[in-house]
Every structure is written in C-alpha cells, then in structure tokens.
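Below is one structure; the comments refer to it alone.
All chains are named by letter (A, B, ...) in the order of the sequence lines, taking the proteins before the strands, and each is independently numbered beginning at 1.
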Amino acid sequence: MIALWMYLLVAAALFCIGIYGVLSRRNAVSILMSIELMLNAVNINLVAFWRYLTPQNMGGQAFTAFVFVIAAAEAAVGLAIIISVYRNRKSVIVEDVNLLKW
Amino acid sequence: MNATEFNFLASLPSIAPEVGLTIMAMVVLFLDLYLPESQRRNIAYVAGAGLALLAITPLIPGWAPPADGNLLFWGGMVRHDVLSQIFKVMILLAGAITCFMSIDVKDIGRKGEFYLIIIISTLGACLLSAASDLIMVFLALETMTIPLYILATFKRDDSKSAESGMKYFLFGSFASAIMLFGLSLLYGFTGQTNLYLIAEYITSSQFIPNAIPVLGAMVLIVVGFGFKISAAPFHFWTPDVYEGAPTPVTAFVSVASKAASFALLVRFFIAVFPSALVIGDQHLQDFWVQLMAVLAVVSMVVGNVVALSQRNIKRLLAYSSIAQAGYTLIGVAAIQAQTLEGQTQAVASVGFYMFMYTFTNLLAFAVIILFTEATGSETIKDLAGLNRRSPWLALMLTIALLSLAGIPPAAGFFGKFFLFNAAVQANLTWLAIVGVLNSIVALYYYLVVIKVMYVDRSPDEDKPIPMSISYVWVLGVTALVVIVLGTVGAQPIFDWAMRSAGSLFS
C-alpha cells in the first residue's frame, strides 16, 4: 500500500531538484523547465493531500487544475520573453544578458 | 463561510470593479481593431477614463459590504470588506493614471494592447486585494503578475526592456512556485482552502499540534510575499526591472502590484495566523511578526544605503521603493500590539501609507516620463537646470521626493508618522527608531536630486519640456492629492483606513 508520505517525499524531492535547477542552470529555457518541475511538485502534493485527507472536498482538485492553467500561461509568456531576448542578444545564457547591473 | 444559498445579484457588488474591467478589456480590444491611426490616442483616454470611473464603484453606498457580517462571496473566494474597497480604489486610480501618462510615450502610447494588458493586470490586483481563498490568492496573484512580465518586455526591440522582462519573469515565477509549495502544504495540513477556515481547523481538536511544519509553510509563503512587495533580501529583480522596463510600466509595477500584495499580506497573516492561534505552546504570531520586523530592517537598510550611490533616477527610485517596502513592513510588524485598537491602527497605517505612496510615486514617475521623452536621458546629472527649463516639472518632482522622504506638508510625513506611531504603540520602539534613522539617510539622496534640479546649471536650459494636456491633469491631480493627504485630507483617509482595518478583525 502506497502511503501519503511516499507521495510527499517524491514531491519534496522534485521541488528540491527544481530549486537546484533554477539556481545552477545557465540557460534561461532550462531555468523555465526547472520552475515547471517545482509547479509539478506542488501538483503531486495537492492531489495526494486531496485523495488521502479530504476526498469529499474538491478544493484540492480544483487547485491543481488552476495550477496547470497558470503553468501553461506562464510557460507561454516566458518562452515569448526568452525569444525576444534571443532576438536582441543572440543568446539565452543568463550570464550573457547583463546590461542592467548596480 | 456558512452555507447560505447562492444569490447571484447580491454577490455581484463584491466583484463590480472586476466585471467592469472585463468589459473594458473587450472594449479596448475592439477599439484597437477599428480605430484609424489618427485617432488611436483616444484608446488611452477611454482606458484611463474607464478605470477612473470604475474606481468609484467600490464607493457606491448600495454596493457597500453587507451589514449582516456575512462578507464572503462566490463560495468564499472573495471577501467584500472595507479593506478590499480602499485598496481597489487606489489600484484602479493607479491604473487610470498610468493610462493617462502613457499617451505620449514612444512605441507604447498608441498601442491598444498595452492598455488591454494594463487593464488585465489591474483586474488581477483588484481580485488579489479581496482574495480569501488559497486558490483565489494564487490565481489573482498570477493574473496580476503575468501581464506585468509582458509589460516589462513591451519595447521588444530595446534589449534593456527584453532583459528586464526576462529577469522579472525568472525571479517572479521562481518566487511564486516557492510560495505555491507553501500554500499546498498549508492545504495539506488543514484540508481547507479558505483562509478563514484554515485558522478554525488549526484551533480545532482534529489538528495534531506540531508547529514546525506550519512554520515551514509560513516561511515559504513569506518568500513569495517578500518578492512581490520587493522587500530585501528578495529584491534583486527590482532595480533591473525598474530601470529596463518602459517608464509607465515601472510606475504601475511600483504602485499597483505593491499595494495589492500588501493588502493580501495583512489579510493573509491576520486570517490564517491570528494572534489567538497557539500550536503546542508556540504563538504563531510572534514568529511571523518577528520575520516581518527583520525584513523591514533589512529592506530599509539595503534600500537606503544602496540608493546613495545611484546615478540613474529610475534605479534610485527602485532602491527607494525597496526602502519604502521596509517602512510599510514596520506597520505589518506592529500587528503584534496587545490591544485590538493597536492592531487596527497598525493595519490602518499600512493602508494609509500605500494610499499616499501610490500617488507620490505616480507623480514622480510622471515627471520622469516627460523628462526622458524630451531628452532621452535617465541619469540624475542630466536633471540639472530643470528648474530653469520647466519650473513646474521641477516643483512637482520636488513635492514627490519630499513626500517620499517624509517632509511636511507632503503626504509622506503623515504616512511615516502613523507607521512609527503604530510601532511605538506595539512596543516596537526600536523598530521606529531604526525607521527614523533610515529616513534621515534617505533624505540625503532625495535632496541631492532636488539640488541638481535647482542649483546645477546645464547648457540646455533654454529648451522647455513639452507637455500635453493629459500630463498637466495627471501632474495636477496627483500633486493635489499628495498635498491634501499631507494636510487636511490625512484625517478622513486615515479614518477610512481604520474602518478598513477594523473589517479584518470582525
């Protein structure tokens, strides 16, 4: 029998991998992918909590659906922004995008 | 949230401005399609006038929050109270003023989609100030922020604008993912998504009293809030976005998203972790109030000290805005006051400060837009001789900077006075003293700008700065509000803020 804590462990691991990716990756697209991993960790959390703790209350399910929608919108806007940066700078490596500092 | 039956018409006033904004968004999109090039300026007037008109809807007496105390509407998604009213009014006015001051900006002023995105972002900010459910909190937060990412990148051919948009997007979605993880944990611990039911569940006997996981979730949520209000140490995006984004967008980001996030911040923490909430023997309020006090001190010090060495006026205002977030957090920390009166005063001082900050910052940015459109420069040095070029502009920027510094008769004086007063009432005298010392540091860099405008000479002094009629109105109205709030208007607005704060505790 798979217990709740196993799901939470997977979610926490996925979340940490996401954070590590955001902090260590240099390519803006990889950073975006890492952020999507973090959002998926949230989804696992929400669905697991919903199924094991309050299956009669649909709040958790609805929350997950909205997280999906927002993640899609965020990815669409984010990729458009990254393309616009690429057109200007011919690079999506975050260290090369450094006009603005101090 | 009790199970009264759903009444569509009775629920409608709670989201009246949002419904209006949705209609306005469609109208603006339609105008953008059908207006010929020669009449496209009118899009800005329609958007601005529409937003200004919608700013009245929260004040219509018949649509006031119901007196029976049942304030949650739409299945508990939004809370229709005086706090959401006061913040909706300032957000809508900020949106309207932003539209009016974008008219003459190159590459932006005549594009319908710019106003469309401003309206959608305003919609998110309005919902955020009333959100009372974890789902709504996240949805409104992203409805407000995703359009802001687009707006920051709006000048597509300008590599600074694109870069600021990318930084805003990467930092912003990272912070909201962290906050969302905190929200999901909070949902998991309590099985509730409504903010007001979470606290109820924690105090009930079903909850296993273990404070550590709840504190962990709280810290994750504070990271998200810290990003949105640009408090240090989550401020790294602020100067880059403020400098790179088109100036009207900077003005909008600095007031609307900050005000809405502060509205949610006080509502969230008072609803979810109220002062009576004890887990084991741990008072949760002690913990988050200390967190806020630390954030306040760090933001004030980092903002003010780094601002001292800035050469770009937009960057200077970015660090000043970090410091202002720090001052406002003093008011949030003062919620630890023992009496209900003191707690109400603390929340009211936050509301008043955001109200006066909205108009002050818009005034400052309106002058900077006119200046940069005429000269193409954003450095403080180039402001030299502004008094001789355009005495009214110099006076307006002076009023704005004095208000940010907290000098009477501008509104900032009363804003800071109420904040520090609330801190002293809450036995946080040390925090008030840190705030006062920081205001003195801040006074220096504001005065340097004023000195450059009035004392320094420049070869361009005979070239006046052109100004169209809508800018005259924007400058006039915002400057008038700043002066009125600093003199006769302080008391009525603070009373309104007190009522709004009271509605949080009822």
Side-chain angles (χ1 to χ4, degrees), chain A residues 4 8 11-12 15 18-19 22-23 28 31-32 34-50 52-54 56-60 62-67 69-71 73-78 80-89 92 94 97-102, chain B residues 75-76 133-136 138-139 141-143 145-147 149-150 152-153 155-174 176-185 187-194 197 220 239-244 306 309-312 315:
Chain A
L4 174 59
L8 299 187
F15 186 72
I19 289 191
V22 171
L23 298 177
I31 297 179
L32 180 59
S34 307
I35 291 170
E36 297 295 317
L37 276 189
M38 294 167 71
L39 293 178
N40 284 334
V42 173
N43 280 338
I44 295 179
N45 245 355
L46 286 172
V47 173
F49 278 134
W50 167 77
Y52 280 83
L53 301 178
T54 55
Q56 74 286 354
N57 174 357
M58 297 305 281
F63 206 158
T64 315
F66 279 111
V67 174
V69 173
I70 300 278
E74 215 165 51
V77 169
I81 291 174
I82 292 171
I83 287 171
S84 140
V85 168
Y86 182 77
R87 286 204 179 130
N88 281 304
R89 306 296 302 269
V92 289
V94 281
V97 185
N98 54 4
L99 281 180
L100 302 162
K101 53 187 163 189
W102 294 113
Chain B
D133 191 290
L134 293 182
I135 300 174
M136 198 58 184
F138 180 61
L139 193 61
L141 201 64
E142 295 297 315
T143 312
T145 322
I146 291 178
Y149 303 148
I150 306 174
T153 330
K155 286 190 174 172
R156 271 175 306 174
D157 304 327
D158 177 4
S159 50
K160 269 187 167 183
S161 176
E163 178 180 338
S164 80
M166 188 173 92
K167 283 185 175 166
Y168 195 14
F169 168 73
L170 292 178
F171 277 114
S173 42
F174 183 46
S176 52
I178 291 179
M179 181 177 176
L180 189 59
F181 198 74
L183 295 183
S184 79
L185 289 180
Y187 163 72
F189 298 150
T190 60
Q192 306 288 352
T193 53
N194 193 289
L197 294 180
L220 292 176
D240 291 349
V241 172
Y242 276 39
E243 185 187 343
V306 184
S309 60
Q310 296 306 316
R311 294 191 189 85
N312 182 306
R315 245 183 142 68

| Looking at A:L46 and B:S184, what are the two nearest heavy atoms and their distance? | CD2-CB, 3.7 Å
| For the residue pair A:I35 and B:S173, what are the closest heavy atoms and their distance? | CD1-OG, 3.4 Å
| Between A:L8 and chain B, which part of the residue has a heavy atom less than 4.5 Å away: side chain, backbone, both or neither? | neither
| Test side-chain hydrogen bond (donor to acceptor under 3.5 Å, both in side chains) applied to B:E163 - qualifying residues, sequence neighbours left out | B:K167
| request: Identify the two heavy atoms, one from B:I135 and one from A:A62, that lie closest to each other, and give their separation to 0.1 Å. | output: CD1-CB, 4.1 Å
| task | Using non-hydrogen atoms and a 4.5 Å limit, figure out which bit of B:F169 sits close to chain A: side chain, backbone, both or neither. | result | side chain
| said: Let me confirm one number: the OG-CG distance from A:S34 to B:L170, rounded to the nearest 0.5 Å. | reply: 10.0 Å
| message | Just so I understand: if I count every heavy-atom pair under 4.5 Å between each of B:T193, B:I150, B:N312, B:L180 and chain A, which residue has the most? | response | B:L180
| task | Could you tell me whether the side chain of B:M166 reaches within less than 4.5 Å of the side chain of A:V92, counting heavy atoms only? | result | no
| task | Could you look at B:D133 and say if it's the side chain, the backbone, both or neither that has a heavy atom under 4.5 Å from chain A? | result | neither
| said: Under 4.5 Å from any heavy atom of chain B, what part of A:V67 do you find: side chain, backbone, both or neither? | reply: both
| field | Side chain to side chain, A:V42 and B:Y187, heavy atoms closer than 4.5 Å | value | no
| request: Look at atom CZ of B:R156 and say whether more than 12 heavy atoms of other residues, nucleotides or ligands are closer to it than 6.0 Å. | output: no
| Closest heavy-atom contact between B:G188 and A:L53? | O-CD1, 3.1 Å
| field | Contact winner vs chain B - A:S84, A:A12, A:A11, heavy-atom pairs under 4.5 Å | value | A:S84
| remark: Bottom line for B:T145: the part with an atom under 4.5 Å from chain A's heavy atoms is neither
| Say you draw a straight line from CD1 of A:I81 to OH of B:Y149; how long is it, rounded to the nearest 0.5 Å? | 8.5 Å
| remark: chain B shares the most heavy-atom pairs under 4.5 Å, among A:N45, A:I70, A:V94, A:L32, with A:I70
| task | Might you point out which heavy atoms bring B:A162 and A:V85 nearest each other, and give the distance in Å? | result | O-CG2, 3.4 Å
| note | Sorted by chain and residue number, the side-chain hydrogen bond (donor to acceptor under 3.5 Å, both in side chains) partners of B:T143 (sequence neighbours excluded) come out as none
| remark: In terms of heavy-atom contacts, B:S176 and A:E74 come closest through OG-OE2, 3.9 Å
| message | Counting neighbours of OH on A:Y52 that are heavy atoms of other residues, nucleotides or ligands and sit closer than 6.0 Å, is the number greater than 12? | response | yes
| query | Heavy-atom distance under 4.5 Å to chain A: side chain of B:T153, backbone, both or neither? | reply | side chain
| Is there a side-chain contact between B:Q192 and A:N57 (heavy atoms, below 4.5 Å)? | yes
| query | Looking at A:G60, A:A41, A:A48, A:A80, which has the largest count of heavy-atom pairs under 4.5 Å with chain B? | reply | A:G60
| said: Given heavy-atom pairs under 4.5 angstrom as the criterion, report whether the side chain, backbone, both or neither of A:F15 touches chain B. | reply: side chain
